[in-house]
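For reference, the structure is listed below as C-alpha cells.
The first residue of the sequence shown is numbered 1, and numbering continues consecutively from there.
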Amino acid sequence: MAHQSSHDKSTSTTVDVSEIVLRQFKVILHNDDYTTFEFVTMVLMSIFRKSPAEAERITMQIHVNGRGVAGIYVREIAEMKVRLVHELASENGFPLRASVEG
C-alpha cells in the first residue's frame, strides 16, 4: 500500500484570479407593434451606452428579426439592465420587453 503524505497536492486549492471567467449573458430586446424606433434607439444609447449608429443598427435588427442583442454582461448586470428597460418603457407607455439569455 502506498504511503500518502499529509499534504496531498490533489486536495490543495490555489486559484489564479486571471483564470476565473465569469459567465456572460445576452440582454435581448424584443420587437412589438407599438414601441417606436426612436424610443428603442434612445434605450440602446442611454441604458446600453451604444453610439447613435450602433443603436440604429440594433433597432433595425430588432424590427426585422423580431429581436436583437442589446449587450452582453455578467448575470447581475444583465438582469439590472432588463429591469431598467422595463421601468423606462413603462414610464413612457411602451410595451418594450427585454430578456436575459445565457
- When rounded to the nearest 0.5 angstrom, what is the spacing between CG in N65 and CE in M60? 11.0 Å

- Query: Looking at residues at least two apart in the chain, or sitting in another chain, which of them share a ring pair (Phe, Tyr, Trp, His ring centres under 6.0 Å) with F48?
  - Reply: none

- Residue list, ring pair (Phe, Tyr, Trp, His ring centres under 6.0 Å) with H63, at least two apart or on another chain: F37

- Answer whether the closest heavy-atom distance between the side chains of T41 and M45 falls below 4.5 Å. yes

- To the nearest 0.5 angstrom, please state how far the CG atom of L96 sits from the NE2 atom of H86. 7.0 Å

- Query: Does a side-chain heavy-atom distance below 4.5 Å link V43 with T35?
  - Reply: no

- From E54 CD over to I58 CD1, what is the distance, rounded to the nearest 0.5 angstrom? 4.0 Å

- Message: Can you tell me how far apart CD (E38) and CD (E56) are? Round to the nearest 0.5 Å.
- Response: 9.5 Å

- Note on the structure: When every non-hydrogen atom of F25 is compared with those of G102, the smallest separation belongs to CD2-CA, 3.3 Å

- Residues A70 and L44: closest non-hydrogen pair is CB-CD2, 3.7 Å

- Nearest heavy-atom approach of V82 to A98 is CG1-O, 3.6 Å

- Locate the shortest heavy-atom distance separating A55 from K50; write the atom from each residue and the value. N-CB, 4.0 Å

- Note on the structure: Those residues at least two apart in sequence (or on a different chain) that pass side-chain contact (heavy atoms from CB on, under 4.5 Å) with V69 are K26, I28, I72

- Could you tell me the separation between the CZ atom of R67 and the CG atom of N31, rounded to the nearest 0.5 Å? 12.0 Å

- Query: Can you tell me how far the CG atom of L29 sits from the CD1 atom of I62, to the nearest 0.5 Å?
  - Reply: 4.5 Å

- Item | V74 vs Q24 side-chain heavy atoms within contact, under 4.5 Å | yes

- Test item: D32 and F94 side chains (from C-beta on) under 4.5 Å apart, heavy atoms: no

- Message: Using the rule that Ile, Leu, Val, Met, Phe, Trp and Tyr join whenever any side-chain heavy atoms are under 4.5 Å apart, tell me whether V100 and L22 fall into a single cluster.
- Response: yes

